[in-house]
Each structure stands twice: as C-alpha cells, then as structure tokens.
Amino acid sequence: MFITFEGIEGSGKSLQIGMAERHLADRGIECLLTREPGGTEFGRAVRRVLLGSEGPARDAMSELLLYLADRCEHLRQVVQPALESGVTVLSDRYHDATRAYQGAARGVPLETIDRLAAILRIPEPDKTILLDLEAAEGVARARARNALGGTAALEGRFEAEELSFHLEVRRAYLRLARKFPQRIHVIDAAGSPEEVFSRIRPLLDEWFFLGRA
Ligand code: TYD
C-alpha cells in the first residue's frame with residue numbers, strides 16, 4: 001500500500017507518520033518511511049533550494065516544476081521499487097501538497113497540475129491521512145519548532161507566509177478530501193500526539209488487519 005500524510009504546517013504529520021510506522025512494524029508490516037520534498041539525494045538538493053527563505057519570491061511555475069522533479073525522482077528511485085517488492089510506503093507529503101500549495105495557495109490552475117501529473121505518470125496514492133488543524137494553531141506550532149531548532153533560514157519559506165496563505169492551504173486540502181472521499185481521510189489534528197494517533201489507528205487496522213484475524 002502507498003499511504004500519504006498531508007496537512008498544513010505544524011499539523012503533526014511527521015510525528016504521526018512515525019507513530020503509524022511503529023504501529024504497523026510492530027504488527028509485522030514492513031514499511032518504508034519517506035518524504036517530499038527530499039526523499040532522494042537529488043530531492044534533498046531540491047529541498048534546500050525550495051525551502052530556503054533567502055532571495056526574492058519565486059515564480060509559481062518554477063516552484064511547481066521543482067516539486068514535480070523531486071516527485072519523479074522519488075517515485076522512480078524509492079516509492080515504486082519498494083511497492084514492487086511488497087513494502088508499504090508511508091510518505092510525509094505527496095501530490096495533494098502540490099495541489100494545495102502550488103495550486104490553491106500559489107494560484108497555478110489545478111488542471112495544469114494534474115495534466116503535468118498525467119504526463120509524468122504520477123499515480124494517486126492508495127490512501128491519504130489528512131491532518132486537519134486550525135491554520136493559526138498550525139503556524140504557531142511550526143514557528144515554535146523552527147525557533148527551537150534554528151531552522152527558520154533553511155526551511156522557513158512557507159512558515160513565513162501570512163496566515164491567509166495557510167488558511168487557503170487548509171481550505172484546499174478540505175476541498176480535495178471532498179473530491180476524493182474514498183482515498184482521503186480527514187483526521188482532527190488537535191490534541192496530544194496520542195489523542196491524534198488514536199483517531200488514525202482504527203483506519204490502519206481496518207486497511208491492514210480487518211478480516212485477517
Ligand atoms: P514539510 O517538510 O512537510 O514541512 P513541514 O514538516 O514543516 O510541514 O514540507 C515542506 C514544505 O514544502 C511545506 O511548506 C509544503 C511545501 N510543499 C509544497 O509547497 N508543494 C509540494 O508539492 C510539497 C511536497 C511540499
């Protein structure tokens with residue numbers, strides 16, 4: 001299975017994806033945990049360019065093409081080989097992030113994004129966990145984390161955006177969840193990590209273990 005985790009900044013994706021991996025691994029499901037941007041050597045270089053907060057605002061299309069280049073490398077080098085060998089792939093962000101950020105928030109038409117995805121043979125994941133949180137709370141969490149880790153200059157480009165940008169990203173994700181109701185599962189990301197994971201666990205158990213016991 002190919003499962004992606006999505007959400008606004010500070011929604012707790014990275015923590016939850018780690019908890020999901022442990023939950024599955026403890027029950028004998030071999031998982032590969034990966035991320036976008038930056039799931040390959042090439043992707044890590046792209047990530048540094050994309051997420052640095054230095055320099056003038058970027059053209060939305062050049063940003064889009066970099067995310068898609070990262071995705072192609074990630075799919076061919078990491079995701080598809082793992083899936084072919086029977087490993088479950090958990091990815092911290094994937095194509096819905098492009099639809100939400102470059103599409104809704106940066107203004108690239110969704111049709112352009114999805115036409116490029118078709119040309120590049122970018123498949124939809126099997127399932128997506130969307131961690132949904134008030135934009136203001138997510139931004140506050142992300143800023144506190146960057147201040148603690150001193151990563152603002154390296155990874156602060158999106159965190160530095162106005163609240164309205166994050167509101168737009170959140171709305172876009174919720175629209176995608178309505179458009180793909182079978183695939184995208186909206187999880188309330190408010191509360192402690194354990195509380196949030198208790199909302200995700202039943203889904204994992206349904207997808208992996210239902211009918212097996
Ligand atoms: P991520 O590493 O998930 O950051 P965080 O853990 O702080 O949420 O993602 C980095 C940033 O890249 C995030 O601001 C969203 C952005 N992004 C896009 O704009 N488009 C994309 O296609 C992807 C994958 C990420």
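Atoms within a ligand are numbered from 1 in the order they appear, just like the ligands themselves. FYI, the numbering just counts along the sequence from 1.
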### Task
Just jot down the ligand 1 atoms closer than 4.0 angstrom to any heavy atom of R71, in number order.
22 (O), 24 (C)
## Note on the structure
For R35, the ligand 1 atoms with a heavy-atom partner under 4.0 Å come out as 2 (O)
### Task
Using a 4.0 Å heavy-atom threshold (strictly under), name the region of L50 that reaches ligand 1: side chain, backbone, both or neither.
neither
## Note on the structure
Between L90 and the options T4, T34, I17, the side-chain contact (heavy atoms from CB on, under 4.5 Å) test singles out I17
### Query
Is there any N or O on K13 that sits under 3.5 Å from an N or O of ligand 1?
yes
### Task
For atom 2 (O) of ligand 1, state which one of R93, E36, E6, R47 supplies the nearest heavy atom.
R47
### Message
Quick check on H95 - does any of its heavy atoms sit under 4.0 Å from an atom of ligand 1?
### Response
no
### Message
Strictly below 4.0 Å, N to O, side chains only: are E168 and R175 in salt-bridge contact?
### Response
yes
### Message
Is the distance between the ring centroids of Y67 and Y101 under 6.0 Å?
### Response
no
#### Entry: Which of the ligand 1 atoms, numbered from 1, are nearer than 4.0 Å to a heavy atom of T98
21 (C), 22 (O)
### Query
Hey, is R106 one of the residues with a heavy atom under 4.0 angstrom from ligand 1?
no
### Query
Between atom NE2 of H23 and atom CZ of F208, what is the distance when rounded to the nearest 0.5 Å?
9.5 Å
### Check ion pair R93-D70 (N to O, under 4.0 angstrom)
no
### Query
Is there a donor-acceptor pair closer than 3.5 Å between any side-chain N or O of R201 and the backbone N or O of A20?
no
### Task
Could you tell me whether a side-chain N or O of Q16 sits under 3.5 Å from a main-chain N or O of P193, the two making a donor and an acceptor?
yes
#### Entry: E63 to ligand 1, any heavy atom closer than 4.0 Å
no
